[in-house]
Amino acid sequence: MSEFETINPATIKQALQQLQSHSPLIHCMTNDVVQSFTANVLLALGCSPAMVIEPEEAEQFAAIASGLLINVGTLTTDRRHAMRLAVKSANNAGKPWVLDPVAAGGLIFRTQFCHELLTLKPTAIRGNASEIMALAGINQGGRGVDSTNTSYDALSAAQSLAQSANTIVAISGEVDYVTDGIRTVAVTGGHPLMTRVVGTGCALSAVVAAYCTLSGDLLLNVASACASMKQAGKTATQKSKGTGSFIPEFLDALYLSNQ
């Protein structure tokens, strides 16, 4: 791991304190499966979530919100239109936005749209290894939302994608890698149980959007978002008995980390 930067606890704590102080309003255009969980994760961290999907409202709200998440998990033609409008509005207002390319590479409709969104300059991209490799054009994607590759497998693709799209790329996995194409931060921690409940990855993308609103080193801010979620996952696993009790323990761990 010596070839990568690491992130120290003081940096993570400072970013979390700044997040609580600013309480950013995050416009989550996310998939239907995870809306409630995503909102609860953001609330636990001291942020304000909103899920606005009507095209005219989404365009207006993206300029008002602190940051925007675009998650293509339950993409439709109407939602694609709303997302385009929201991204362009966020860009015009100088607001950061994050792309979560759920299942990119596996289905043509969403893959083409994700490549279109790349031209609109996302502030950050957060995905699993297969999704990132698909966006970089070197893989056909995973099995739906599941990755068939490790995060390290996707590192070279992530670095190339970060440079070509001028963005920060975060690959989730046993180790999260966060890169701007030149610098790369490795974030360890978490637990495999996090992959056995719906929404932890999608919620992470919303948290990344929140951290992108902070001042300072954007790369370290995104890495701090990943670290905070991994820390909460580890704490929750130690207290839970399984997937059913994991979610409330996870939300509690996020909330208590912010006290």
Side-chain angles (χ1 to χ4, degrees), residues 1 4-20 24 26 28 30 34 37-38 41-42 44-47 67 69 71 96-102 122-132 135 145 147 149-155 157-159 161-162 167-181 183-195 197 199-214 216-237 250-251 253-254 257-258:
M1 303 295 291
F4 307 114
E5 291 184 37
T6 57
I7 185 165
N8 63 60
T11 299
I12 300 168
K13 183 177 180 179
Q14 183 179 25
L16 186 59
Q17 290 173 338
Q18 187 184 165
L19 189 76
Q20 183 181 30
I26 305 304
C28 300
T30 191
V34 303
F37 180 67
T38 298
V41 165
L42 288 172
L45 287 169
C47 305
L69 166 66
N71 174 308
W97 70 277
V98 171
L99 171 62
D100 186 337
V102 178
T123 308
I125 301 168
R126 200 294 312 172
N128 67 35
S130 294
E131 292 161 352
I132 297 303
L135 281 191
V145 298
S147 178
N149 303 93
T150 69
S151 54
Y152 187 79
D153 290 339
L155 181 55
Q159 291 168 332
L161 179 61
T167 188
I168 303 293
V169 178
I171 326 163
S172 295
E174 183 176 351
V175 177
D176 290 356
Y177 294 102
V178 183
T179 184
D180 61 5
R183 300 165 57 201
T184 300
V185 180
V187 183
T188 58
H191 192 276
L193 191 60
M194 296 177 72
T195 67
V197 298
T200 53
C202 295
L204 171 58
S205 295
V207 174
V208 167
Y211 274 75
C212 282
T213 70
L214 305 181
D217 189 323
L218 180 60
L219 182 73
L220 293 182
N221 286 343
V222 173
S224 293
C226 295
S228 293
M229 291 286 277
K230 279 188 173 293
Q231 287 175 353
K234 182 177 180 180
T235 299
T237 302
F250 181 69
L251 293 173
L254 288 173
S257 72
N258 203 26

Can you list everything that forms a side-chain contact (heavy atoms from CB on, under 4.5 Å) with [X]? Sequence neighbours excluded, please.
X	value
T213	P24, I26, S66, P96
T184	F4, L155, Q159, Y177, T179
A154	A129, M133, I171
A206	C28, T38, L42, L69

Quick check: does any side chain N or O of [X] sit under 3.5 Å from a backbone N or O of [Y], one acting as donor and the other as acceptor?
X	Y	answer
T123	W97	yes
S151	D176	no
T200	M194	yes

Might you point out which heavy atoms bring [X] and [Y] nearest each other, and give the distance in Å?
X	Y	result
P122	I125	CG-CG1, 3.9 Å
A186	V175	CB-CG1, 4.1 Å
V187	K230	O-CE, 3.4 Å
V178	A223	CG2-CA, 4.0 Å

Restricting to side chain to side chain donor-acceptor pair (under 3.5 Å), what partner residues turn up for [X], sequence neighbours left out?
X	result
T30	N71
S172	R126
Q231	none

- request: Evaluate the criterion side chain to side chain contact (heavy atoms under 4.5 Å, CB included) for residue pair L16 and I12; output intermediate values, then yes/no.
  value: CA-CA 6 Å; L16 186 59; I12 300 168; 5.6 Å; no

query: So with a 6.0 Å cut-off around CD of Q20, is the heavy-atom count from everything else above 12?
result: yes

message: Counting only heavy atoms from other residues, nucleotides and ligands, does the tally under 6.0 Å from CD of Q18 exceed 12?
response: yes

In Å, rounded to the nearest 0.5 Å, how long is the span from [atom1] of [X] to [atom2] of [Y]?
X	Y	atom1	atom2	result
H191	T235	NE2	OG1	11.5 Å
T188	K234	OG1	NZ	8.0 Å
L161	L135	CG	CG	6.0 Å
L45	L254	CG	CG	5.0 Å
T150	N128	OG1	CG	11.0 Å

- request: Any salt bridge (Lys or Arg N to Asp or Glu O under 4.0 Å) involving residues 8-18? Give me the pairs, sequence neighbours left out, ordered by first then second residue.
  value: none

- request: Determine, step by step, whether C212 and V98 satisfy the side chain to side chain contact (heavy atoms under 4.5 Å, CB included) criterion, reporting the C-alpha distance in whole Å, the side-chain angles of both residues, the deciding distance to 0.1 Å, and the verdict.
  value: CA-CA 8 Å; C212 282; V98 171; 4.0 Å; yes

task: Please report the C-alpha distance between S224 and N221 in whole Å, then the side-chain angles of each, then the deciding distance to 0.1 Å, and finally whether the side-chain hydrogen bond (donor to acceptor under 3.5 Å, both in side chains) criterion is met.
output: CA-CA 5 Å; S224 293; N221 286 343; 5.2 Å; no

- prompt: Taking it one step at a time, do E174 and Y152 satisfy side chain to side chain contact (heavy atoms under 4.5 Å, CB included)?
  reply: CA-CA 9 Å; E174 183 176 351; Y152 187 79; over 6 Å; no

- request: Starting from the C-alpha separation in whole Å, work towards a yes-or-no answer on side chain to side chain contact (heavy atoms under 4.5 Å, CB included) for Y211 and L220.
  value: CA-CA 9 Å; Y211 274 75; L220 293 182; over 6 Å; no

